[in-house]
Structure formats: C-alpha cells, structure tokens
Amino acid sequence: MTEDSGMRILFFAQLKDATGREEIRWPETGPLTAADIWARLEREWPAVTVHRRTTRLARNGEYARPDEVFLAGDEVALIPPVSGG
Amino acid sequence: MTEDSGMRILFFAQLKDATGREEIRWPETGPLTAADIWARLEREWPAVTVHRRTTRLARNGEYARPDEVFLAGDEVALIPPVSGG
Amino acid sequence: MRIEAQLTTERIVPPNISGLGPDGGIGALAEFSGVVRGEEDGRTITALEYEAYHGMALAVMRKLLEQLGQHHPCTGVWVIHRVGVVPVGEAAIWIGVAASHRREAFALLAEFMDQLKQDVPIWKRRALFAPATDTAAGPTP
Amino acid sequence: MRIEAQLTTERIVPPNISGLGPDGGIGALAEFSGVVRGEEDGRTITALEYEAYHGMALAVMRKLLEQLGQHHPCTGVWVIHRVGVVPVGEAAIWIGVAASHRREAFALLAEFMDQLKQDVPIWKRRALFAPATDTAAGPTP
C-alpha cells in the first residue's frame, strides 16, 4: 500500500481549536460522503458539531459539491468561514 | 487706478488656439454679463463662436452661474471641455 | 491576463507593477493595501495572526482572478497575502492591477476583495493585545 | 479628512501614504495611476501634453475631494496631476487614499476620477507622434 491509500483530514481555525489537531489520517478508508466524514469527526470530537452548519468541506483543494464522494488518497479540509484580507 | 480696474480674460486649450492668445486685459470695463463677454470676444475672434456652446466661464477660479455678473478686477477664464487624468 | 498570487510570512513589499507592458497599452494601475487596524471588536490590539490553507488559498485566488478577468479584462494582477503575525499598521494584503482602462481595474480590485472574504481559505486566527495599561503605569501608591 | 493636491511638470513620484495614522486607524490604502497609453485615436503616440488652469484646477480638486469626503469618509487623500509633456508609460495622474475601510476608499477614488474628467480645468492639449517609420528605415534604394 502507498501512503495514498488513506485519507488526510486538515483542520483550520476554529476546527483546529475544536479538535486540537492540524491534521489526521484515516488509513484504509473506503469512499465516504460528507455525512460519513462529519459522523466520524463528531464521534471523536463532539466539539466540532457546533461548526458543522457553517463549515465547508474541500476535496483536494477545491470546495466539495454536496454530493461529492471522498476517496482514499484524498486530502480533505474543513473550511470554517474565512476572514482574510 | 490700480491694475485691478481692468478685467483679465484667460484662454485655454481650443480657445487659446482660436484666439492665438493666452491672456488679454480689458481695461476700465464696467459690469458685464456672460453674453456681453461672448459678444466682445466673438467680435474680435469669430473663431471662438464654435466653442461657445461647450465652453464654460469661470470667475475668479470658480465656475460662473448663468446669471453671474463679471466686474472690474475679475479674472475670467474660458473653460472648454476638460480632459485631465 | 497575467496572474500572480503569493503568500508570505514576511512584511509585504509591493512590486513595481508600472514596469510592465512595454507596448504602452497600460493606462491604469490600481493598488490596494489592506492594513491591520489598531482595534478589533472595540479592543486595542497590537497585531493580528493570519492562518491559511496555502495550496487551496492560492488556487482559489487564481481561479477567482481568472473569472473576474473574463468580466473585467485587465493586463495583469498581482496579489500578496501575508500570513502569521501581522503588526498593526502593516499590510495583511496587497493587490496591484494593471489595465488599459481604469474602470476594469477598479471593478476587478473591488470584486476580488469582496470575494476573497467569502471563498479564499485564509483566517484571522487571533488578535494580539498589548499589556494592560495600568500595569504600564505602575502600581498605585 | 486631510487633502493634498498638487500639479507638477516633473515625473510623478508617489509619496508613501502608509506612514500616516500613527493611531492605527487606517485599514485601507488605495492608489491609482493614470498612465499615458501609446495610442490616441488609433495612432501611435510618444507622449501627451497637458495644460492646466493651475489655481482653479487645484481649487476645484480640493473642493471636489471635500464634497466626496462627506459621502465617503476617509482619513486622507493625495492627488498629483502632471502637466506639460508626459511620455507614454508615465503617469499623468496619481491618487492615494487612506481610510478606515476599503469601500470608502474605493468609492472616493472612483468618483473623483469620474468627476475630474468633468470639472477640473486640465486638458490633454495635444499628442506627440513618433517620426514616420519609413523615415526611420532610411531612403529606399
């Protein structure tokens, strides 16, 4: 297995605070929906729940569509409301 | 008599071309309306006529109202359409 | 349209964008700096700390600029966003736009700033505060 | 609102407007340069010559900026307009605006440029053209 077989999950801003992590890896995961991802995250870190409504998921550096399927090898990012500039 | 007893008339851009002058002085003039000023100018330089419709008069550095009265000592300027910037 | 976007942890030094377009086609250069203000939510601050999802932030900025360039054709646009700690009075972002005409440059610049604050994954992470002033004034006698 | 307006026959050197506002109240710096393009009415040119009614041009610019500042409160605005011969690629005008927020700065800047072209007594006097290219190529044999 290459290191691409897992899924990397990146946390930013409030999500980083809620999880205490910048990045995790889920090894050997099958295809996941956004709902699957949130369910797994909320099980491990209940503090992420309050951010779910305002946080967008990105897949490999692009905002995910609502029906997006997340695959092994993907880089998934949780993007709370942005505030640059 | 001080040098303020006359009226200075300044020409810019197309009006400078039409009159061949940058500035003239009308000595000892009484109060004049815009129509008076144009009549005197057109008599001396018929080439100014084509600019009359698009040219604004200024009195002492401010655009003149239609009913403005121009007095001895005034600096009067003919302002064709501007094109700065 | 030439597009350059970068993130930096250093103080932003705006490039000289007037040196472009040797064909004399550029008629408008517009620049904007977004500077950290000394107040956040009514409290005096000394700095803001910014965080970015680097790769995606750059990709989203470039894509956004490409889209805006379709509607407002410009010659080139340069964006530098600073991340990490940005002291009050220094720029968190700088944008330069070169165009034939000013309206396109203004429109691209204003719309980019609006959309930056919606879609580009960069965050004001936290504000840094000065020590309380009564400490600086010393103990009361 | 601090207002500075000047005319110059020299190449414009934009002042550094970021050095203002020691109180940290400035959140937006917007700058614009209007550059002479290499084409006028379809012909290749080398320069434009500008003429101004100096005293009135400065007075009208200041008054205009004061009025715009009522609607779009900014901290300061600086305008430099060049007169005389301005070569292609060099700025005929430069404007810098400092404000708390970017929307006011953009609005003041854009509206000033629109109104400048209506009311400020400055004129593009004439275009200067390059020698015909067949002369430059030398006589035909």
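Keep in mind that this is a model prediction, so the values were computed, not measured. Throughout, a chain's letter reflects where its sequence line sits, starting with A, and its residues are numbered from 1.
- The environment of NZ in C/Lys63 is sparse: at most 12 heavy-atom neighbours from other residues, nucleotides or ligands sit within 6.0 Å.
- For A/Pro80, the parts sitting under 4.5 Å from any heavy atom of chain C are the backbone and the side chain alike.
- For C/Ile93, the part sitting under 4.5 Å from any heavy atom of chain A is the side chain, from C-beta outward, and nothing else.
- With respect to the salt-bridge test (charged N to carboxylate O, under 4.0 angstrom), the residues A/Asp17 and C/Arg125 qualify.
- The environment of A/Glu62 atom CD is sparse: at most 12 non-hydrogen atoms of other residues, nucleotides or ligands sit within 6.0 angstrom.
- Counting non-hydrogen atoms of other residues, nucleotides and ligands closer than 6.0 Å to CD of C/Glu10 gives a total of 12 or fewer.
- If you measure heavy-atom distances from C/Ala57 to chain A, you find no contacts under 4.5 Å at all.
- In this structure, the portions of C/Tyr53 lying under 4.5 Å from any heavy atom of chain A include both its backbone and its side chain.
- By the 4.5 Å heavy-atom criterion applied to side chains, A/Ile79 and C/Met56 are counted as neighbours.
- Side-chain contact between A/Val82 and C/Lys124 is absent, with no heavy atoms from C-beta onward closer than 4.5 Å.
- The shortest heavy-atom contact between C/Glu51 and A/Phe11 is OE2-O, 4.4 Å.
- Within 6.0 Å of atom CD in A/Glu22, 12 or fewer heavy atoms from other residues, nucleotides or ligands are found, so the atom counts as exposed in its surroundings.
- Summarising the geometry of A/Gly85 relative to C/Ala92, their closest heavy-atom pair is O-CB, 4.2 Å, with the distance given to 0.1 Å.
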